[in-house]
Amino acid sequence: MEMEIRALKIRKNAIIMAHNYQPLEIQALADVVGDSLELAVRAKEAKADLIVVCGVRFMAETAKILNPERKVVIPVPDAGCPLADFLTPEMIREAKERHPDAAVVVYVNSTAESKALADVTCTSANAVKVVASLKNDTILFGPDSNLAAYVQRELPEKTIIPLPPGGHCYVHTGFTLADVEAARRKGGMVVCHPECRPEIQEQADLVASTGGMVRGAAGGSEPWSVFTEREMVSRLRVLYPGRVFYEKPDAVCADMKKISLADLRRALEREEHEVVLSPEVMGRARRAIERMIAVGA
């Protein structure tokens with residue numbers, strides 16, 4: 001099947017983009033593997049006729065928003081993100097009425113409709129830099145409250161209002177202080193994603209996005225206990241075969257595992273399932289996302 005997929009990719013003039021949490025067999029066939037910021041940048045630059053996004057729905061939407069002239073498909077249409085579902089456009093409008101002087105920063109893990117109401121989007125890789133670039137003292141930040149807490153700790157001069165207060169990723173909130181203690185017994189560093197709870201972030205040696213983990217792992221030799229989705233550890237082991245990385249076996253995003261090789265082949269062959277968004281939503285969301293990309297990592 002791998003040969004079929006490679007042949008279809010050439011015949012269709014397609015590019016396959018995969019998130020770090022995708023199964024390794026999907027990553028191995030991708031032209032681009034990365035975190036949300038890396039995928040967004042590459043989607044904007046893509047010249048292929050067909051962009052196949054192996055990830056979750058908001059990632060495919062972001063690719064379409066940034067490259068509206070290209071056909072963008074996601075192999076499994078119901079590969080969603082429970083974190084993104086926490087935030088609704090109505091919540092943003094209501095919060096903006098209560099805080100008219102606040103800037104709205106929406107995490108890229110959100111729907112296109114929510115992005116369209118943002119002043120700027122961010123990823124876990126550049127959330128602090130994005131918020132620091134704003135003149136506003138008050139920031140409405142959603143939908144991940146743990147990432148909001150991380151930004152608040154890094155930028156105490158700002159007032160970060162999480163929107164909604166309890167928004168979270170179930171995979172990352174599954175990490176506990178008991179996991180930290182177990183990792184300490186193994187030795188080496190504890191590396192966590194900023195979607196982990198604040199008490200986990202405080203105990204970690206490094207807080208980083210998945211892209212930051214890839215870059216950070218290049219500069220050391222000690223073991224890492226990696227507090228993020230399990231597949232990230234699989235990717236790190238491929239990139240750095242001489243290093244020891246520990247994962248939490250049940251840290252699994254079910255939606256990230258929905259796409260199979262058969263789904264990918266079918267998406268290339270039939271060019272399904274296409275991402276379609278209204279021009280108005282795309283235009284407004286594009287401004288927010290491009291502003292984020294301009295800030296950089």
Side-chain angles (χ1 to χ4, degrees), residues 15-43 51-63 72-86 107-111 122-127 143-144 146-147 167-175 179 191-196 200 204 206-217 224-240 245-261 263-264 267 297:
I15 183 172
I16 299 173
M17 310 184 74
H19 190 269
N20 290 318
Y21 297 160
Q22 286 291 293
L24 281 182
E25 61 266 26
I26 299 291
Q27 294 187 27
L29 291 166
D31 302 283
V32 181
V33 181
D35 64 12
S36 296
L37 181 59
E38 292 163 335
L39 296 184
V41 171
R42 295 295 296 275
I51 301 174
V52 183
V53 178
C54 295
V56 293
R57 178 77 186 181
F58 76 79
M59 297 174 182
E61 289 180 343
T62 300
V72 177
V73 301
I74 181 168
V76 176
D78 68 345
C81 176
L83 169 59
D85 294 339
F86 271 103
Y107 193 22
V108 74
N109 299 43
S110 59
T111 66
C122 73
T123 70
S124 56
N126 67 1
D144 193 276
N146 295 317
L147 181 58
H168 66 276
C169 165
Y170 71 87
V171 174
H172 290 98
T173 55
F175 289 95
D179 292 322
V191 181
C192 87
H193 194 278
E195 289 179 20
C196 291
I200 305 301
L206 174 66
V207 181
S209 68
T210 57
M213 291 176 186
V214 168
R215 294 185 291 273
W224 273 19
S225 290
V226 182
F227 285 20
T228 189
E229 215 272 349
R230 183 183 67 191
E231 212 69 49
M232 186 65 214
V233 174
S234 301
R235 174 157 166 73
L236 289 171
R237 287 172 178 155
V238 169
L239 293 173
Y240 308 106
F245 298 99
Y246 300 110
E247 80 274 23
K248 185 174 182 178
D250 60 352
V252 177
C253 173
D255 284 275
M256 279 288 187
K257 301 300 185 283
K258 287 183 175 180
I259 297 173
S260 67
L261 290 179
D263 295 322
L264 176 54

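These numbers come from the heavy atoms of this one structure, side chains and all, not from hydrogens, waters or symmetry mates.
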Pair Val73-Val53, side-chain contact (heavy atoms from CB on, under 4.5 Å): steps then yes or no: CA-CA 6 Å; Val73 301; Val53 178; over 6 Å; no
Can you name the closest pair of heavy atoms from [X] and [Y] and give their distance?
| X | Y | value |
| --- | --- | --- |
| Arg215 | Ser209 | NH2-OG, 4.4 Å |
| Met59 | Leu39 | SD-CD1, 4.3 Å |
| Cys169 | Leu83 | N-CD1, 4.1 Å |
| Leu236 | Phe245 | O-CE1, 3.6 Å |
| Tyr107 | Ser124 | CE1-N, 3.3 Å |
| Ala84 | Ser110 | CB-CA, 3.6 Å |

Distance from [X] atom [atom1] to [Y] atom [atom2], nearest 0.5 Å?
| X | Y | atom1 | atom2 | answer |
| --- | --- | --- | --- | --- |
| Cys253 | Tyr21 | SG | OH | 8.5 Å |
| Asp144 | Phe86 | CG | CZ | 9.0 Å |
| Asp78 | Asp255 | CG | CG | 7.0 Å |
| Met213 | Trp224 | CE | CH2 | 7.5 Å |
| Leu24 | Ser234 | CG | OG | 4.5 Å |
| Leu261 | Ile26 | CG | CD1 | 4.5 Å |

Side-chain heavy-atom pair [X], [Y] within 4.5 angstrom cut-off:
| X | Y | answer |
| --- | --- | --- |
| Val226 | Tyr246 | no |
| Pro194 | Asn146 | no |
| Ile16 | Cys54 | yes |
| Asn109 | Glu195 | yes |
| Ser36 | Phe58 | yes |
| Val252 | Val171 | no |
| Val191 | Phe227 | no |
| Cys192 | Thr228 | no |

Is there a donor-acceptor contact under 3.5 Å from the side chain of [X] to the main chain of [Y]?
| X | Y | answer |
| --- | --- | --- |
| Gln22 | Met256 | yes |
| Glu38 | Asp35 | yes |
| Arg230 | Lys248 | no |
| Asp31 | Ile15 | no |
| His168 | Tyr170 | no |

Partners passing side-chain hydrogen bond (donor to acceptor under 3.5 Å, both in side chains) against Asn20 (at least two apart in sequence or in another chain):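 With neighbours one apart ignored, the set is Thr210, Arg235.
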For Lys257, enumerate each residue passing the salt bridge (Lys or Arg N to Asp or Glu O under 4.0 Å) test, keeping only those at least two apart in sequence or located in another chain.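 Scan of Lys257 (salt bridge (Lys or Arg N to Asp or Glu O under 4.0 Å), adjacent residues dropped) gives Glu229, Glu231.
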